[in-house]
Structures are given as C-alpha cells and as structure tokens.
Chemist: 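The following block contains the structure, expressed as structure tokens.
Just so it is clear, the structure is predicted and the values come from calculations on it, not from any experiment. All chains are named by letter (A, B, ...) in the order of the sequence lines, taking the proteins before the strands, and each is independently numbered beginning at 1.
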2 protein chains.
Amino acid sequence: MNAHHHDHAPKLSRNQNEILSCLRDANEPMSAYAILDRVRKTGISHPPTVYRALNDLMRKGMVHRLQSRSAFVACDHGACDGKFAFAICRACDKVVEISLSDEDQAGLLALAPDEIAPEQVTLELAGLCQSCRPAASA
Amino acid sequence: MNAHHHDHAPKLSRNQNEILSCLRDANEPMSAYAILDRVRKTGISHPPTVYRALNDLMRKGMVHRLQSRSAFVACDHGACDGKFAFAICRACDKVVEISLSDEDQAGLLALAPDEIAPEQVTLELAGLCQSCRPAASA
DNA sequence: ATGGCTGATGATATAACATAACAGCGAGAC
DNA sequence: GTCTCGCTGTTATGTTATATCATCAGCCAT
Ligand SMILES: [Zn+2]
Ligand SMILES: [Zn+2]
Ligand SMILES: [Zn+2]
Ligand SMILES: [Zn+2]
C-alpha cells in the first residue's frame, strides 16, 4: 500500500479494486453477472462478492447504477456525490455521465411535491447516439 | 368499477383491464408478481401474461414503471405521454406522480450531451414523505 | 361451412438479477 | 495466545423478466 502519495482516493479492498478496475477497463455499463464473469480469473466467484463490492463502491460514489438497465458503471470523475445523471443510447448502450450543477440539482429537487421532501435524484435520459442515428432518410 | 373517467381511453383487452384495475385499486406501486398474486382469482396465472399486459399498458402510457423499485403504478392522469416523473418516499414507498411541463421536459432533455440525442426522460426523486419524517413539530 | 389468417391468451421453462445467512480467516488489540 | 472485527467465501434461495411454443376466438375469402 502506497501511503505518502496524496491521492484522495479512499482505500479500497482487494475485491473493490478488482471490480472497479474491471468497470473502468470496460468503459461501458456491465451487469453484475458480466462483472462476475470477468473477474473469475482473480478468484471472485460468487454473486454476493460482486454485489458487496459494487454496493461499497456506490456508497463511495465511485460506481453508479443505471436503474433503467440494471447495470453498473464506473464514475467518470473518480467519484461523485449524488449530482450526476446519465444519457444512454437505447441502441448501443453507450453511456455518458452528466455532471449536474448545483442549480440543476436544485431545480430537479424543486419538482418534488410538498408531500415528499426529496433527497436524491435519479435521472436517466434515453435516446440515440450519433453513430446509432439513422443516416438521413432517402 | 365506476368508469367515469374521460373516455379517451383506448380499448383494452380483458387482461389489460384486470391489471390496470388492480393497479388503480392498489393506489401504490406493485411488483409484477404482487399483481400476479392479486389477479389469480380472475384467471391470470403466469408471469408472461402479467408482463404482456403491463408492457401494453406502458406503451399506451396508462401504467408507468418505477425504475428504482422494479415496480409498476397506474398513471394518475389516465395516461401520460412521457412528461412525467415520480417522487418516492424511501421509507413507506408512497409515490406521487409529477407532471412535467413542456419547459421542464425541455430543460431535462437539454441536459443531454451533444453525442446523445435524448428522446425519453426517466426522473425519480427519492426522499421522505410527511408521515415518515421525524416529527419535529415544534 | 371450411380453412387459413391474425391477434390475444395460456403454459412451460429458463434466464437474469439480487440478497439472506452463515462459515472461515487474518490482522491488530490486549 | 486468544479475542474481536472486518473482509471474504460459500450455500442456498428469492425476485424479476423473457423466450418459446401451444391454443383459442374472431374474421373473412372462398
Ligand atoms: Zn459520477
Ligand atoms: Zn448508440
Ligand atoms: Zn402518468
Ligand atoms: Zn413515507
């Protein structure tokens, strides 16, 4: 463990590191079971191990879950604290993480009705990426 | 069931009616399997039947899926055309449907990056409803 | 009427996603 | 040493969703 470098990354366990690396290498959303397949070579071999690490990483903001896909993706920014959204291509599953400004976030929370005091935003925009858009009709 | 809603309703099949009634009666989100349990008495007895009806109803905008809960809820407005969001109590699962104005919707779509042309918004706000909030009634 | 077409439904089987519960192990405290 | 704690491993099961094929009823052309 390299201690005297001042990177601000929280220290991760072996499994958390494996799974985060896997997601970063993939550079696209992966299901928990797809992750499991990829990390079998490192000794991880059961779903709960994967879900534990994913949940820990999500708590740290380093992994996000795409609710509309039941898939997980490494945070583009190392870690986020809740002010993010996603744009997702419905054809090829390409994902772009969107950073929400404080104003964006406030605007979203302001949509909540009086009965519910909102704490957390889940925002996913689905559409088509450039490569998947029909090349001009003929 | 009293059917004094606006009758712009597209005609529904028997199963679609059963399942929509079930969701409207429940007045809260239900999982597909919870729906299945409730409509067994009407003769529906297998998951695909429920999912077929739910998907048809979602296509018609009369049922929405809460992505963060894997649960389904009847549209509060009879039917919506994509401009809705939800606020959800994380303690009691109470759900409030939010109608998005055209401006809200446009604002949300505008968050998408250039690479992805957004078509559809999934927005869910999680928090605590009044009954579930620590009663700080000073 | 017969038979073929179509859309809705029924049924079986299985895939895909997620968690509960308990067992084992290793590092540091004492 | 041995106790405790956090992490990991393992078994078993629960929950959500779909692929696939069979069946049935209405419709309509012949
Ligand atoms: Zn992030
Ligand atoms: Zn694409
Ligand atoms: Zn609605
Ligand atoms: Zn509540």
Chemist: Charged N to carboxylate O below 4.0 Å: is that the case for Arg69(B) and Glu124(B)?
Modeler: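 A salt bridge is absent here (no side-chain N lies under 4.0 Å from a carboxylate O).
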Chemist: Could you check how far CD of Glu18(B) sits from C1' of dA8(C), rounded to whole Å?
Modeler: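 Going from CD in Glu18(B) over to C1' in dA8(C) covers 15 Å.
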Chemist: Specify the separation, in whole Å, of atom CD1 of Ile19(B) and atom C1' of dG10(C).
Modeler: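 Roughly 13 Å, once rounded to whole Å.
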Chemist: Spell out yes or no: do the side chain of Tyr33(B) and the base of dA17(D) have one donor N/O and one acceptor N/O closer than 3.5 Å?
Modeler: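 Yes, a donor-acceptor pair under 3.5 Å.
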Chemist: Quick check against the 3.5 Å criterion: does Asp56(B) have a side-chain atom that pairs as donor or acceptor with the backbone of Ala53(B)?
Modeler: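 Side chain of Asp56(B) to backbone of Ala53(B): no pair is present.
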Chemist: So, is Ser31(A) near the phosphate of dC17(C), with a side-chain N or O under 4.0 Å from OP1 or OP2?
Modeler: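 Yes, because at least one side-chain N or O of Ser31(A) sits under 4.0 Å from OP1 or OP2 of dC17(C).
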Chemist: Which nucleotide sits closest to the side chain of Ser70(B): dT16(D), dT19(C), dA19(D)?
Modeler: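 Of dT16(D), dT19(C), dA19(D), dT16(D) is nearest to the side chain of Ser70(B).
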Chemist: At less than 4.0 Å, is any side-chain N or O atom of Asn15(A) found next to OP1 or OP2 of dG9(D)? Yes or no.
Modeler: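 Checking dG9(D) against Asn15(A), a side-chain N or O does come within under 4.0 Å of OP1 or OP2.
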Chemist: For Arg14(B), which contact category applies under a 4.0 Å heavy-atom criterion: base, sugar-phosphate, or nothing?
Modeler: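 Sugar-phosphate contact only - Arg14(B) comes under 4.0 Å of backbone atoms but never of a base.
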Chemist: Between dG9(D), dA19(D), dA8(C), spot the one nearest the side chain of Ser13(B), thanks.
Modeler: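 Given the options dG9(D), dA19(D), dA8(C), the side chain of Ser13(B) is closest to dA8(C).
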Chemist: Please tell me which of Gln16(B) and Ala71(A) maps to the more 5' nucleotide of DNA chain C, matching each residue to the nucleotide holding its nearest heavy atom.
Modeler: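 With Gln16(B) and Ala71(A) compared, the 5'-side residue is Gln16(B).
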Chemist: Side chain of Ala32(B): nearest nucleotide among dG10(C), dT18(D), dA17(D)?
Modeler: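 Ranking dG10(C), dT18(D), dA17(D) by closest atom to the Ala32(B) side chain puts dA17(D) first.
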Chemist: Given dA11(C), dT18(D), dT8(D), which nucleotide is nearest the side-chain atoms of Arg52(A)?
Modeler: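 Closest of the options to the side chain of Arg52(A): dT8(D).
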Chemist: Whether the side chain of Glu97(A) engages the backbone of Asp76(A) through a donor-acceptor N/O pair (distance < 3.5 Å, no angle test) should be reported.
Modeler: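 At least one qualifying donor-acceptor pair exists.
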Chemist: How would you label the contact of Arg65(B) with the nucleic acid (heavy atoms, under 4.0 Å): base, sugar-phosphate, or nothing?
Modeler: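 Sugar-phosphate: the residue Arg65(B), judged by heavy atoms under 4.0 Å, touches backbone atoms but no base.
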Chemist: Among the candidates dC17(C), dT18(D), dT16(D), find the nucleotide nearest to the side-chain atoms of Tyr51(A).
Modeler: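 For the Tyr51(A) side chain, the nearest candidate turns out to be dC17(C).
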Chemist: Between Ile44(B) and Pro47(B), who's closer to the 5' end of DNA chain C by nearest nucleotide?
Modeler: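 Its nearest nucleotide being more 5', the pick is Ile44(B).
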Chemist: Do the side-chain N or O atoms of His46(B) get closer than 4.0 angstrom to the phosphate oxygens (OP1, OP2) of dG10(C)?
Modeler: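 No, outside the criterion.
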Chemist: Should Ser45(A) be listed as having a side-chain N or O under 4.0 Å from OP1 or OP2 of dT10(D)?
Modeler: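 Answer is yes, contact under 4.0 Å.
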Chemist: Quickly, which of Leu111(A), Leu125(A), Thr122(A) forms a side chain to side chain contact (heavy atoms under 4.5 Å, CB included) with Leu123(B)? Name it, please.
Modeler: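 With Leu123(B) as partner, Leu111(A), Leu125(A), Thr122(A) yield a single side chain to side chain contact (heavy atoms under 4.5 Å, CB included), made by Leu111(A).
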Chemist: Any luck finding a side-chain donor-acceptor pair between Gln67(B) and Arg65(B) under 3.5 Å?
Modeler: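 Yes, side-chain donor-acceptor contact under 3.5 Å.
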